[in-house]
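Okay, structure first, notes after.
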There are 2 protein chains.
Amino acid sequence: MSAISHSEENYLKAIFHLGGEGKQSVATNAIARSIKTKPSSVTDMMKRLAEKDLVNYRKYKGVSLTEEGKKAALSIIRKHRLWEVFLVEKLNFSWDEVHEVAEQLEHIQSEKLVDLLDEHLGFPQYDPHGDPIPGKDGNYPSREKQLLSQFPEDSRGICIGVKDSSASFLKYLDRNKISLGDTIHVLEREDFDNSLLVNIGNRKMQISHQIAANLYLKML
Amino acid sequence: MSAISHSEENYLKAIFHLGGEGKQSVATNAIARSIKTKPSSVTDMMKRLAEKDLVNYRKYKGVSLTEEGKKAALSIIRKHRLWEVFLVEKLNFSWDEVHEVAEQLEHIQSEKLVDLLDEHLGFPQYDPHGDPIPGKDGNYPSREKQLLSQFPEDSRGICIGVKDSSASFLKYLDRNKISLGDTIHVLEREDFDNSLLVNIGNRKMQISHQIAANLYLKML
DNA sequence: AAATAAAATTAGACAAATCTAAAAATATGT
DNA sequence: ACATATTTTTAGATTTGTCTAATTTTATTT
Ligand SMILES: [Mn+2]
Ligand SMILES: [Mn+2]
Ligand SMILES: [Mn+2]
Ligand SMILES: [Mn+2]
């Protein structure tokens, strides 16, 4: 019954993301790394979350989210991504600047606010990084996507998301005029370094494996 | 140097409001009442804020804001009121629902967010309750206003703000179709109970002292 | 001016969230 | 299988923000 604290919300979100959308169980150290805290702090918190029936915790065996925990995590992720859309679409933030602010905004508690924000934004399906926005009812849409690095020669796809959403990667994409929605045509694969020669828009460009392994496309 | 916590921000804001826009010194009990905490907690916090040079505190003598404390308070109030405008103008909240949500949003830290929000809203001067929005530079505009209860017979004014901004008062105004911007003409004063007979728009209505003492007008 | 009341502070406790250092459990390598 | 390394948990301390109960200071009466 008691409310979920700011800090507890961050743990739930981390467990959701680390455990493949809340399915698998997650290790203490992984959570500590992800949340930038110490393993001992994680253990403490896991006990508290287990007490609240938000996670299943067995000593030394890792944790997984309960249904209630998953619901809470999805609600936070929904808010995070809706706010990211707001920041980009309405306030003209660039997509590499929104994450930090959304990390704060995701904790605002008001169902009415979320619903009206969703409406104000036209019920978006995806956030600025191509990640799906969980529904009000807790459904979590997923879509077919492949990494560009897995595309064979002479195949095409539409750019729909990023795996790495760090500011440095996003800025790289901006600098090279690669945006979500662009069609990419793989012309040649270089076996030696796994780099690709591709056609984007009407430009031909070389793309390193590092980049290609972080761009999601929908195969055409 | 160290950041101002969520809780510290609430104290600073309370001191600003209680001390007549941060001028006068404020009593421990008044802060406790306003912030719904105990006097002993207030004393503790005052010591911490004094340590950070945000307030001037002398035992048993009350506290006042330092210049730095005033600056911090104004920044929070600016955010609070800008968010209230956003909620009403962009998300269609009603003016009696915004305060609680703004109490949370005011703590979001991002100068860029505030600046872009301000721009998005068209640099509003007043919040939905008629309260002035402090400037980016910390200036705090004030304007001539009188309570309706102080208006003599046969005088007029434009409704520009509320003193009590509780949901119940705001809803009363909604029900009686009294909005900011309306012109009010005082026709008669009833000495016995200090009630007023007024003309609003083209309606004649009786207004109790309780109501009149909470409506700010600009005398015409 | 002394007695009483009110306001403010101190002392000591507590919960949440974190940390460091030590100990225990589990996993890995030969 | 045994030794070693890694992971996880425990024990104990710390910070922030709060509380209750007791005490001290200031204000108000008589
Ligand atoms: Mn994000
Ligand atoms: Mn995102
Ligand atoms: Mn408000
Ligand atoms: Mn307001």
Side-chain angles (χ1 to χ4, degrees), chain A residues 1-16 18-19 24-65 69 72-73 76 103-104 106-109, chain B residues 1-16 18-19 24-65 69 72-73 76 103-104 106-109:
Chain A
M1 291 301 126
S2 72
I4 301 174
S5 77
H6 190 115
S7 188
E8 288 169 338
E9 289 190 340
N10 286 334
Y11 280 94
L12 292 175
K13 199 174 43 137
I15 297 168
F16 182 91
L18 291 168
Q24 306 136 52
S25 131
V26 180
T28 302
N29 271 354
I31 298 171
R33 209 167 337 158
S34 145
I35 237 167
K36 286 169 178 38
T37 183
K38 302 294 169 195
S40 57
S41 306
V42 175
T43 301
D44 284 353
M45 183 57 93
M46 290 314 107
K47 288 175 180 170
R48 250 173 289 153
L49 291 178
E51 197 58 48
K52 289 190 174 188
D53 280 317
L54 293 166
V55 300
N56 305 115
Y57 171 63
R58 278 166 32 249
K59 272 192 194 179
Y60 296 102
K61 301 297 180 186
V63 280
S64 60
L65 295 176
I76 302 155
E103 285 288 308
Q104 297 181 63
E106 70 189 4
H107 300 291
I108 303 291
Q109 288 182 358
Chain B
M1 299 303 129
S2 70
I4 300 175
S5 78
H6 190 117
S7 189
E8 288 169 337
E9 289 189 340
N10 286 334
Y11 279 95
L12 292 175
K13 198 172 45 135
I15 297 168
F16 181 91
L18 291 168
Q24 308 137 51
S25 130
V26 179
T28 303
N29 273 353
I31 298 171
R33 208 165 333 140
S34 143
I35 236 168
K36 287 173 178 36
T37 183
K38 302 294 170 194
S40 56
S41 305
V42 175
T43 300
D44 284 353
M45 184 57 92
M46 291 314 107
K47 289 174 181 171
R48 250 173 290 154
L49 291 177
E51 196 58 47
K52 289 188 173 189
D53 280 317
L54 294 165
V55 301
N56 305 115
Y57 171 63
R58 278 167 29 250
K59 270 194 196 179
Y60 297 101
K61 301 295 180 187
V63 281
S64 60
L65 295 175
I76 302 155
E103 285 288 306
Q104 297 181 62
E106 71 189 3
H107 300 290
I108 303 290
Q109 289 183 357

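Please read all numbers here as calculations on a predicted model, not as lab measurements. Each chain gets a letter, A, B and so on, in the order the sequences are listed, and its residues count up from 1.
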Suppose we screen for ring pair (Phe, Tyr, Trp, His ring centres under 6.0 Å). Which residues come up paired with F16(B), at least two apart in sequence or across chains?
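Here the qualifying residues are Y140(B).
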Taken in chain and number order and not counting sequence neighbours, the residues that satisfy side-chain contact (heavy atoms from CB on, under 4.5 Å) with Q24(B) are none
Footprint string (nucleotides 2-17 of chain D, 5' to 3'): B base within contact, S backbone only, - free, heavy atoms under 4.0 Å:
-----SBBB-----SB
Could you work out, with side chain to side chain donor-acceptor pair (under 3.5 Å) as the rule, every residue matching [X], not counting sequence neighbours?
X: K52(B); answer: S2(B), E8(B)
X: S34(B); answer: none
X: N56(A); answer: S64(A)

Per-pair distances, 0.1 Å, donor-acceptor, side chain in residues 40-48 of chain A, under 3.5 Å, sequence neighbours excluded:
unit_1	atom_1	unit_2	atom_2	d
T43(A)	OG1	P39(A)	O	3.3

Of all residues at least two apart in sequence or in a different chain, which pass the salt bridge (Lys or Arg N to Asp or Glu O under 4.0 Å) check with [X]?
X: K61(A); answer: none
X: K38(B); answer: none
X: E9(A); answer: none

May I ask you to test the K13(A)-E106(A) pair for a side-chain heavy-atom distance under 4.5 Å?
yes
Over the length of the helix from dA1(C)-dT30(D) to dT30(C)-dA1(D), how much do the five-pair end axes diverge, rounded to 10 degrees?
0°
Which nucleotide of DNA chain C is the first, and which the last, in the 5' to 3' direction, to come under 4.0 Å of a heavy atom belonging to chain A?
dA16(C) to dT26(C)
